[in-house]
Amino acid sequence: MRKKFKRRIGKLFIVSAPSGAGKTTLCKAITKIAPDIKYSVSYTTRPPRKGEINNVHYTFVSEKKFKAMIAIDEFAEWAVVYGNLYGTSMKRLKDMTKKRYDIILDIDTHGAMQMKRKFKGSVHIFVLPPSLQVLKQRITARMSESVKELKKRMDRVKEEMAGYKNYDYVIINDKLKKAIRELESIVIAERLRIENKVREI
Ligand code: ADP
Ligand code: 5GP
């Protein structure tokens with residue numbers, strides 16, 4: 001039988017941005033257009049928003065359950081964001097990479113730094129809004145948060161943005177189509193890197 005060359009996959013693409021910049025939209029879009037890339041479903045103690053489905057958008061758990069998972073080291077990373085706990089399950093990552101999928105993770109800057117230390121070769125992408133004014137408009141238009149929640153998120157924008165220089169790539173999410181194309185270009189280019197190695201099957 002003739003052998004073929006195949007690229008080794010299982011790359012982690014980590015996306016961070018201030019709330020409302022559009023990272024969830026971009027992450028979902030890339031899983032629809034690029035083959036073999038899956039979205040990492042995080043665990044959170046935040047209550048579901050209208051329309052959010054358990055185990056699709058997040059796995060929604062109690063604080064007690066989340067803390068029990070921390071105690072047995074179930075998370076590849078976790079952080080407190082806007083007063084709620086969010087974390088990435090190590091088991092979920094392993095299951096997906098075993099199936100040779102690349103994974104896209106939508107996580108905050110603290111979680112992203114933990115991932116950078118743990119997974120050499122992970123690719124870090126920061127999404128910026130075109131301006132702070134547009135950011136505020138987008139969060140308001142999404143109407144997913146109360147006024148108090150909205151303020152909490154806007155107050156943290158500057159802190160979140162300060163970390164963007166630690167990332168490998170930056171996408172300014174002005175026109176959505178262009179931003180999706182830029183994210184796809186990053187995924188394509190990173191998959192072609194020489195250090196990914198090619199295997200014979
Ligand atoms: P994040 O996950 O970063 O908090 P979302 O992906 O939920 O942000 O996007 C926030 C809101 O802005 C959503 O209502 C989304 O549909 C909208 N949005 C995202 N990208 C764009 C864009 N390029 N132009 C206009 N609206 C956008
Ligand atoms: P939201 O509540 O708007 O869905 O997300 C709030 C913040 O939590 C965003 O910055 C998002 O990237 C972050 N987040 C979502 N899942 C995780 C996760 O598993 N780990 C970490 N560290 N942050 C996460």
Side-chain angles (χ1 to χ4, degrees), residues 12-32 39-61 66 69-70 74-93 96 103-119 122 124-146 148-150 152-164 167 170-183:
L12 302 180
F13 292 92
I14 292 161
V15 181
S16 305
S19 184
K23 61 193 172 307
T24 310
T25 308
L26 289 170
C27 288
K28 296 284 178 198
I30 195 75
T31 59
K32 295 212 176 88
Y39 181 72
S40 164
V41 179
S42 297
Y43 283 80
T44 186
T45 60
R46 159 167 88 59
R49 287 180 191 139
K50 199 164 170 268
E52 279 184 334
I53 303 163
N54 193 35
N55 295 326
V56 174
H57 298 94
Y58 282 103
T59 298
F60 298 97
V61 292
F66 197 103
M69 291 177 76
I70 296 174
E74 289 237 349
F75 292 116
E77 64 72 37
W78 66 272
V80 182
V81 195
Y82 314 120
N84 293 302
L85 292 157
Y86 294 81
T88 304
S89 151
M90 187 61 127
K91 183 179 178 302
R92 285 185 179 170
L93 291 186
M96 285 189 281
I103 306 166
I104 191 144
L105 299 94
D106 164 351
I107 63 180
D108 88 313
T109 47
H110 298 287
M113 289 309 111
Q114 294 174 48
M115 294 298 282
K116 193 168 195 164
R117 285 192 291 273
K118 229 177 215 167
F119 299 95
S122 52
H124 293 249
I125 303 159
F126 202 87
V127 180
L128 282 175
S131 68
L132 288 180
Q133 196 192 354
V134 170
L135 183 73
K136 194 166 180 188
Q137 279 164 6
R138 284 190 191 158
I139 318 187
T140 315
R142 190 172 64 189
M143 292 194 299
S144 50
E145 271 80 30
S146 62
K148 196 170 143 216
E149 271 301 312
L150 186 75
K152 221 192 268 179
R153 282 164 189 259
M154 283 310 292
D155 284 349
R156 217 181 124 172
V157 167
K158 291 222 166 86
E159 184 195 327
E160 283 273 302
M161 301 235 296
Y164 89 90
Y167 285 68
V170 59
I171 295 175
I172 298 173
N173 181 17
D174 187 356
K175 294 274 174 281
L176 185 58
K177 243 185 170 169
K178 180 166 173 274
I180 294 171
R181 206 173 62 234
E182 288 175 353
L183 179 58

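In listed order, ligands and their atoms are each counted from 1. Values reported hereafter were calculated over all heavy atoms of this structure, with side chains retained and with hydrogens, waters and symmetry mates removed. Being a predicted model, the structure only gives us computed values, none of them experimental.
Geometrically, ligand 2 and V81 share no nitrogen or oxygen pair separated by less than 3.5 Å. In terms of polar-atom proximity, defined here as any N/O pair under 3.5 Å, A17 makes no such contact with ligand 1. Between D106 and ligand 1, no N or O atom pair is found at a separation short of 3.5 Å. Checked by distance only, ligand 2 and E52 stay at 3.5 Å or farther apart across all their nitrogen or oxygen atoms. Annotation: K175 places no N or O atom under 3.5 Å from an N or O atom of ligand 1; distance criterion only. Between S19 and ligand 2, a contact under 3.5 Å exists for no N or O pair. Checking only distances, Y43 never comes within under 3.5 Å of ligand 2, N or O to N or O. Residue D106 places at least one N or O, backbone or side chain, under 3.5 Å from an N or O of ligand 2.
Taking atom 10 (C) of ligand 1 as the reference point, the nearest protein heavy-atom neighbour is G20 O, 3.6 Å. Protein heavy atom in closest approach to atom 13 (C) of ligand 1: R142 CD, 4.2 Å. In this structure, the protein non-hydrogen atom closest to atom 20 (N) of ligand 1 is N173 ND2, 3.0 Å. Closest to atom 8 (O) of ligand 1 among all protein heavy atoms lies G22 N, 3.2 Å. When only non-hydrogen protein atoms are considered, atom 26 (N) of ligand 1 lies nearest to R138 NE, 3.5 Å.
In this structure, K28 NZ and K23 NZ are separated by 12.5 Å, a value rounded to the nearest 0.5 Å. Separation of atoms CD (Q137) and OG (S131) is listed at 7.0 Å; rounding is to 0.5 Å. Summarising the geometry, atom CG belonging to N55 is positioned 5.5 Å from atom CZ belonging to R92; distances are rounded to the nearest 0.5 Å.
Within the 4.0 Å heavy-atom criterion, the part of R153 lying near ligand 2 is the side chain and not the backbone. At a heavy-atom distance under 4.0 Å, no atom of H57 approaches ligand 2.
Close to ligand 2: E77, with a non-hydrogen atom less than 4.0 angstrom away. Residue contacts with ligand 1 do not include A141, since none of its heavy atoms lies under 4.0 Å from the ligand. Ligand 2 lies out of reach of Q114, whose nearest heavy atom is not under 4.0 Å from it. For the ligand labelled ligand 2, residue Y82 lies inside the 4.0 Å heavy-atom shell.
Using a 4.5 Å heavy-atom cutoff, the side chains of L132 and M161 are in contact. The side-chain heavy atoms of T109 and Y167, taken from C-beta on, include a pair separated by under 4.5 Å. For the pair L26 and L176, the minimum side-chain heavy-atom distance is below 4.5 Å. Annotation: side chain of V15 is not in contact with side chain of I30 (no heavy-atom distance under 4.5 Å).
Around the CG atom of L128, the shell of radius 6.0 Å holds more than 12 heavy atoms that belong to other residues, nucleotides or ligands. Heavy-atom contacts from other residues, nucleotides or ligands closer than 6.0 Å to OH of Y164 number 12 or fewer. By the neighbour-count criterion of 12 heavy atoms within 6.0 Å, atom NZ of K118 is densely surrounded, having more than that number from other residues, nucleotides or ligands.
With atom 24 (C) of ligand 2 as the reference point, the heavy atom nearest to it among Y86, F75, Y58, W78 is part of Y86. Of the listed residues (T25, L26, V134, T24), the one carrying the non-hydrogen atom nearest atom 19 (C) of ligand 1 is T25.
Taking every non-hydrogen atom of S19 and a distance limit under 4.0 Å, the qualifying atoms of ligand 1 come out as 4 (O). Near R46, meaning under 4.0 Å from one of its heavy atoms, ligand 2 places the atoms 1 (P), 2 (O), 4 (O). Those atoms of ligand 2 that come under 4.0 Å of a heavy atom in K23, given as number and element, are 9 (C), 10 (O), 11 (C), 12 (O). Heavy-atom contacts of A79 reach the following atoms of ligand 2: 22 (N) (cutoff under 4.0 Å). Close contacts between ligand 1 and D174 involve ligand atoms 22 (C), 23 (N), 24 (N) [criterion: under 4.0 Å to a heavy atom]. Ligand 2 places these atoms under 4.0 Å from at least one heavy atom of D108: 10 (O), 12 (O), 13 (C), 21 (C), 22 (N), 23 (N), 24 (C). Those atoms of ligand 2 that come under 4.0 Å of a heavy atom in T88, given as number and element, are 19 (O).
In this structure, R156 satisfies the cation-pi test against Y82, with its NZ or CZ atom closer than 6.0 Å to the six-membered ring centre and inside 45 degrees of the ring normal.
Listed here is the closest heavy atom pair of F126 and A17: CZ-CA, 4.1 Å.
Counting only N and O atoms by type, the side chains of T25 and R138 include no donor and acceptor under 3.5 Å apart. Using modelled atom types and a 3.5 Å distance limit, the side chains of R49 and Y58 yield no donor-acceptor pair. With no hydrogens or angles considered, no side-chain donor-acceptor pair links N84 and T44 at under 3.5 Å.
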Task: Verdict with reasoning, F60 to E52, per side-chain contact (heavy atoms from CB on, under 4.5 Å) - done: CA-CA 10 Å; F60 298 97; E52 279 184 334; 3.4 Å; yes
